[in-house]
Student: 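Okay, here's the structure, questions in a sec.
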Amino acid sequence: MATTKVLSVVSEIYPLIKTGGLADVAGALPGALAAVGVEMRTLVPGYPAITAALENGEKVLKLKDLFGGPASVVAGRAKGLDLFVLDAPHLFDRPGNPYHDADGVDWPDNPFRFAALSRVGAEIGLGGVKGFVPDVVHTHDWQTGLTAAYLEYDGRTRPGTVATVHNLAFQGQYPKDLLGALRLPPHAWGVDGVEYYDTIGFLKAALRMSDRITTVSPTYAAEIRTGEGGMGLEGLLAGRAPVVSGILNGIDVDVWNPATDPLVPTHYDAATPSSRRPNKSALQKRFGIKVDRRAMVFGVVSRLSWQKGLDMVLAGVESILSVGGQLVLLGSGDRGLVEGFRHAAAAHPGRVGVVIGYDEALAHLIQAGSDALLVPSRFEPCGLTQLCALRYGAIPIVTRVGGLADTIVDANEMALDVGAGTGVMFSPPNPEMFRAAVERAASLYADQPTWRRMMKNAMRTDVSWGRSAARYAKLYEDLVDERSS
Ligand code: ADP
Ligand code: GLC
């Protein structure tokens with residue numbers, strides 16, 4: 001069979017620019033898919049961080065006017081990734097976060113910035129770049145949602161389309177009077193088009209018009225068809241159920257490898273878990289808490305937002321301390337949570353350590369040094385930090401939702417009886433159940449042979465992209481077959 005060619009269109013990509021797991025996934029997919037015979041290239045915006053990293057760039061497409069200025073597509077490599085970079089300085093030549101200014105205010109021209117990315121994605125999909133005519137265009141989240149619409153309304157023979165939902169909470173809704181300015185035809189305005197509760201819905205358009213919809217775990221694929229999880233899109237998603245599926249994310253097991261990780265003080269693996277101990281002391285030192293081998297360290301690496309349920313951790317600090325535990329947290333986001341955690345650290349010196357900010361190296365140290373990693377999300381499409389935690393032997397304490405439910409095996413008595421169990425799972429997400437989960441984890445930790453067994457199970461879990469890469473390859477292949485028959 002000929003290699004399937006896929007254009008991935010995405011608004012952030014690790015290691016060049018990242019605000020969350022979306023970037024990790026976009027950065028890992030091409031390599032993972034190459035191993036199963038899929039050639040993926042990625043179209044990304046020309047933010048300064050990306051254009052600066054591009055090597056041997058070659059202009060492959062010129063656009064006289066892309067929503068207010070000239071633009072071009074530059075093909076090249078950066079940090080091992082094969083990219084098409086949308087060079088449009090009037091839209092993307094701005095430093096910092098890809099979506100908002102330094103004060104956290106969304107760029108007012110976001111609808112045009114991401115419509116531009118989508119429009120160029122469609123153009124390449126239609127053969128705009130000689131030498132890479134994709135069989136499938138794969139978009140991610142609302143930012144690239146209009147790609148499917150531009151392809152649909154173009155009228156020419158189009159490639160297959162796949163839309164992946166990484167997070168349904170962000171939908172990209174803009175005023176309907178932008179329809180013409182966004183170069184969408186009048187007939188796009190309707191329930192079968194881009195119309196969504198009287199606005200233009202970027203994500204809605206992708207979910208309505210893409211040939212396949214995937215999300216990042218099987219459980220989240222089911223949750224988004226319910227009133228509670230669908231966030232207004234449940235009806236549409238339920239109607240399209242035959243083309244909706246869930247494919248779990250993996251992590252890059254070379255970047256996240258405790259046996260070789262340059263960002264952690266001592267290396268270890270499933271066969272040498274005791275070599276992990278110096279990392280715990282280093283972590284305690286780094287956070288300015290008491291260096292104590294016996295204290296159970298609970299770690300957090302997270303965006304601080306309602307989704308992540310960290311208010312439960314804040315409310316549960318006392319329960320962590322009452323089981324003799326310590327808390328270390330790295331995160332940024334909601335002002336209220338930031339203040340709350342700073343206050344908790346000040347109130348419990350030596351036992352609660354908090355770093356506000358984004359710090360890749362510190363994230364690795366937390367994974368390598370904590371005994372348990374807290375991920376009490378209210379909803380979680382997949383979640384990557386619990387996968388890193390498994391690989392690093394930090395036992396995940398998670399809610400029974402989305403990808404957390406699909407990746408962690410709760411260490412209940414029956415599971416332990418058969419030698420299984422990689423984490424502690426609780427439901428529903430509320431402070432009382434969180435407290436109970438902390439207490440259960442602490443009693444498992446007190447039984448060190450059982451805890452070590454769990455660490456081994458966790459570290460032996462396959463969190464690589466292998467399984468899921470094969471699923472994406474099959475999805476593309478089926479789609480190409482279907483469209484050519
Ligand atoms: P989401 O994308 O919803 O934030 P994921 O678990 O899928 O959640 O991905 C989060 C990614 O961002 C992980 O790679 C995690 O290690 C990283 N991360 C989150 N917060 C921080 C932080 N404050 N510092 C460093 N890395 C972080
Ligand atoms: C989103 C989700 C997260 C997922 C990530 C990558 O940010 O919140 O659960 O792991 O996308 O798919």
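Note that ligands are numbered from 1 as they come in the structure, with each ligand's atoms numbered from 1 the same way.
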Student: Which atoms of ligand 1 are found less than 4.0 Å from any heavy atom of Gly331?
Tutor: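 Numbered from 1, ligand 1 contributes 23 (N).
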
Student: Check the angle between the aromatic planes of His166 and His140 and answer parallel, tilted or perpendicular using the 30° and 60° thresholds.
Tutor: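 Answer is tilted, since the angle falls between 30° and 60°.
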
Student: With a cut-off of 4.0 Å, which atoms of ligand 1 are near a heavy atom of Gly21?
Tutor: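 Near Gly21, the atoms of ligand 1 are 1 (P), 2 (O), 7 (O), 9 (O), 10 (C), 11 (C).
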
Student: Tell me whether Asp359 has any N or O atom under 3.5 angstrom from an N or O of ligand 1.
Tutor: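 So ligand 1 has an N or O lying under 3.5 Å from an N or O of Asp359.
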
Student: Need the ligand 1 atom indices (1-based, order shown) with element for anything under 4.0 Å from a heavy-atom of Gly20.
Tutor: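 Near Gly20, the atoms of ligand 1 are 2 (O).
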
Student: Give the atoms of ligand 1, by number and element, whose distance to some non-hydrogen atom of Arg303 is under 4.0 Å.
Tutor: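 Checking each atom against Arg303, I get 1 (P), 3 (O), 4 (O), 20 (N).
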
Student: Identify, for atom 8 (O) of ligand 2, the protein heavy atom at the shortest distance, and state residue, atom and that distance.
Tutor: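 For this ligand atom, the closest protein heavy atom is Gln307 NE2, 3.1 Å.
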
Student: Would you kindly specify which portion of Val216 sits under 4.0 Å from ligand 2, judged on non-hydrogen atoms: side chain, backbone, both or neither?
Tutor: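 Val216 to ligand 2: side-chain contact only, backbone stays beyond 4.0 Å.
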
Student: So is there a nitrogen or oxygen of Leu22 less than 3.5 Å from a nitrogen or oxygen in ligand 1?
Tutor: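 For ligand 1, there is no N or O atom that lies under 3.5 Å from one belonging to Leu22.
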
Student: Tell me whether ligand 1 is touched by Lys308 - counting only heavy atoms on the residue side and a distance under 4.0 Å.
Tutor: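 Right, Lys308 reaches ligand 1.
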
Student: Between Trp256 and Tyr392, does the ring centroid distance fall short of 6.0 Å?
Tutor: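 For Trp256 and Tyr392, the ring centres are under 6.0 Å apart.
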
Student: Can you tell me if Lys18 contacts ligand 1 (heavy atom of the residue under 4.0 Å from the ligand)?
Tutor: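 Per 4.0 Å heavy-atom rule, Lys18 contacts ligand 1.
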
Student: Output the list of atoms in ligand 1 that are nearer than 4.0 Å to some heavy atom of Ser302, sorted by atom number.
Tutor: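 Answer for ligand 1: 20 (N).
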
Student: Starting from atom 10 (O) of ligand 2, locate the nearest protein heavy atom and write down its residue, its atom name and how far away it is, to 0.1 Å.
Tutor: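 Checked against all protein heavy atoms, atom 10 (O) of ligand 2 sits closest to Gly383 N, 2.8 Å.
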
Student: Against ligand 1, does Gly357 come closer than 4.0 Å with any heavy atom?
Tutor: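 Contact check Gly357 vs ligand 1: positive.
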
Student: Ring-plane angle category for Phe92 and Tyr47, please: parallel below 30°, perpendicular beyond 60°, tilted otherwise.
Tutor: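 Ring orientation of Phe92 relative to Tyr47: perpendicular.
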
Student: For ligand 2, which atoms sit closer than 4.0 Å to a heavy atom of Gly21?
Tutor: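 Under 4.0 Å from Gly21, ligand 2 has these atoms: 5 (C), 6 (C).
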
Student: Are the side chains of Thr266 and Arg276 in touch, meaning some heavy atoms are under 4.5 Å apart?
Tutor: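 Thr266 vs Arg276: side chains apart.
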
Student: Check the pair Asp311, Arg378 against salt bridge (charged side-chain N to carboxylate O under 4.0 Å, His left out), reporting the backbone distance first and the verdict last.
Tutor: CA-CA 11 Å; Asp311 47 308; Arg378 290 197 167 79; 2.6 Å; yes

Student: Given the rule in the salt bridge (charged side-chain N to carboxylate O under 4.0 Å, His left out) test, do Arg77 and Asp82 qualify, once you have shown the distances and angles that lead to the verdict?
Tutor: CA-CA 5 Å; Arg77 278 178 77 76; Asp82 269 320; 3.2 Å; yes

Student: If we only consider heavy atoms of Cys382, is any one of them less than 4.0 Å away from an atom in ligand 1?
Tutor: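 Contact check Cys382 vs ligand 1: negative.
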
Student: With no hydrogens and no angle check, is any side-chain donor or acceptor of Asp252 less than 3.5 Å from a backbone partner on Ala28?
Tutor: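 Between the backbone of Ala28 and the side chain of Asp252 there is no qualifying donor-acceptor contact (under 3.5 Å).
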
Student: Would you mind reporting whether Pro428 and Met433 have side-chain heavy atoms less than 4.5 Å apart?
Tutor: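 Yes, side chains in contact.
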
Student: Exactly one of Ile366, Ile251, Val375 should register a side chain to side chain contact (heavy atoms under 4.5 Å, CB included) with Thr385. Which one does?
Tutor: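 Between Thr385 and the candidates, side chain to side chain contact (heavy atoms under 4.5 Å, CB included) is satisfied uniquely by Val375.
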
Student: Quick check: does any side chain N or O of Lys204 sit under 3.5 Å from a backbone N or O of Leu236, one acting as donor and the other as acceptor?
Tutor: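 Not confirmed, Lys204 side chain does not pair with Leu236 backbone.
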
Student: Quick test: of every protein heavy atom, which one is nearest to atom 1 (C) of ligand 2, and how far off is it to 0.1 Å?
Tutor: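 Checking every protein heavy atom, the shortest distance to atom 1 (C) of ligand 2 gives His166 O, 3.1 Å.
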
Student: So which protein heavy atom does atom 3 (C) of ligand 2 come closest to, and at what separation?
Tutor: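 That would be Glu380 OE2, 3.3 Å.
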
Student: Out of Phe114, Tyr196, Phe170, which one pairs with Trp142 under the ring-ring contact (aromatic ring centres under 6.0 Å, His included) rule?
Tutor: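 Answer after filtering Phe114, Tyr196, Phe170: Phe114.
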
Student: Using only atom types and a distance under 3.5 Å, with no angle test, would you say the side chain of Arg240 pairs donor to acceptor with the backbone of Val243?
Tutor: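 Side chain of Arg240 to backbone of Val243: no pair is present.
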
Student: So, regarding Cys382 and ligand 2 (criterion: nitrogen or oxygen to nitrogen or oxygen, under 3.5 Å), is there a contact or not?
Tutor: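 Yes.
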
Student: Can you confirm, on distance only, whether ligand 2 has an N/O atom lying under 3.5 Å from any N/O atom belonging to Lys308?
Tutor: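 No, since none of the N or O atoms of Lys308 sits under 3.5 Å from an N or O of ligand 2.
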
Student: Only heavy atoms of Val25, strictly under 4.0 Å: list the atoms of ligand 2 that pass.
Tutor: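 Those of ligand 2 that fall under 4.0 Å from Val25 are 6 (C), 12 (O).
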
Student: Run down the list Asp24, Thr19, Leu384 and name the one with the heavy atom closest to atom 11 (C) of ligand 1.
Tutor: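 Checking each option, the heavy atom nearest atom 11 (C) of ligand 1 is found in Asp24.
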
Student: Looking only at distances, can you tell me whether any N or O atom of Ala363, backbone or side chain, sits closer than 3.5 Å to an N or O atom of ligand 1?
Tutor: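 Ala363 vs ligand 1: no N/O contact under 3.5 Å.
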
Student: Looking only at N/O atoms, are Asn167 and ligand 1 under 3.5 Å apart anywhere?
Tutor: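 N/O-N/O distance under 3.5 Å: no.
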
Student: Using a 4.0 Å cut-off to any heavy atom of Asn167, which atoms of ligand 2 qualify?
Tutor: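 Numbered from 1, ligand 2 contributes 8 (O).
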
